[in-house]
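All values below were derived from every heavy atom in this structure, side-chain atoms included, with hydrogens, water molecules and symmetry-related copies excluded. All ligand and atom numbering here is 1-based and tracks the order in the structure.
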Amino acid sequence: MRTLRSTPARPALLVRLLLRMYPAAWRERYGVEVASLLAASPPSARQAWDLARGALDARLHTDAVGVPAGLRLAMAGPPATPPRASGYGAVASTPIGELSRRTFMRRVVGAGAALLSLEFLAGTLAFLWPQIREGVGATLRLGTLADIRVAEPGFAGGVPYSFTPARIFLVNVPAAQAMARGETITVPEPSATELLALWRKCPHLGCQVPEPCDDVRRFQCRCHGSTFNIVGEKMKVGPASRGMDRFPVSIDTAGVVIVDTSQRIAGPPAGTAASITFDDGRPFEATCFPV
Ligand code: FES
């Protein structure tokens, strides 16, 4: 008489392949149970995907169970042995108030991503931030005095050097004062304290002040006629309330003249003939053109 014996169902090839992806210790602990469950009810595509992810997880995290939630529910009963503290197949058990390893890793990865984003943002801002290299607000290198003499051949004799990027006149003060008095001297290498950077923006309403005229060797704004002597002091004629504004000048160790247009110094207040520090020998009211 034949005896009917129940033979364990052999898992399908897909299930066997999926189970092979798990660590040996995991298969030893859960393999038979999961295989028999899947042999009775073949896995759906979603379960197969979950099993594959669980295998990856079990290999990456030694405390991960790696069994899809649906299958875990289907697995009967409590574990045969108490969960180990670590090792494949151990049930994750995190004391209250402490981080699980997975949570810790997630936070580390999150912090890394945040740091990368911050670096990217900082780099973008640094790239987009305006780099002032000309105009008011910049520190400008005009070149050596030799360069300036080439650009303005009359500079050593007192002709102001017009430096367009900063809208300034660089005045060689001793030579310019002599020129304004009608004298002729040459100062090819003035020191930094003998240089004056006058802003060409008229202190009245902002028109550009032209070069000094030949007649009286003074600056005179064409808009409303404000008149300034060769060192930018306000003379009698015109509505401006102060002399021409100026910027600090220095010469570095390489002999390059530097003008810092971020530090504007207001011109001296308009006064009387007696308050003018430089007398060019002409009447206080003398102008380039009548107003
Ligand atoms: S803007 Fe120069 S005098 Fe008015």
Report task. Could you check which N/O/S atom of His204 is closest to atom 4 (Fe) of ligand 1? Result -> ND1
Query raised in the report: Looking at atom 4 (Fe) of ligand 1, which N/O/S atom of His224 is the nearest one?
Result: ND1
Taking 4.0 angstrom as the limit and counting only heavy atoms of [X], give me the atoms of ligand 1 inside it, by number and element.
X      : value
Cys221 : 1 (S), 2 (Fe), 3 (S)
Cys207 : 1 (S)
Ser226 : 3 (S)

Query raised in the report: With a 3.5 Å cut-off and no angle check, do the side chains of Ser162 and Glu211 form a donor-acceptor pair?
Result: no
Report task. Given side-chain contact (heavy atoms from CB on, under 4.5 Å), test Cys288 with Asp215 step by step and report yes or no. Result -> CA-CA 6 Å; Cys288 294; Asp215 290 347; 5.9 Å; no
**Report entry** N, O or S of Cys202 under 2.8 Å from atom 2 (Fe) of ligand 1
**Finding:** yes
Query raised in the report: Where the side chain of Thr261 meets the backbone of Ala138, is there a donor-acceptor pair that is under 3.5 Å apart?
Result: yes
Query - Phe228 CZ to Glu233 CD distance, which is reported to the nearest 0.5 Å - result: 11.5 Å
Report summary line: Closest to atom 1 (S) of ligand 1 among protein heavy atoms sits Leu205 N, 3.3 Å
Query raised in the report: Is the closest basic N to carboxylate O distance between Arg217 and Asp280 below 4.0 Å?
Result: no
Query raised in the report: Hey, would you say the Phe169 and Phe219 ring centroids sit under 6.0 Å apart?
Result: yes
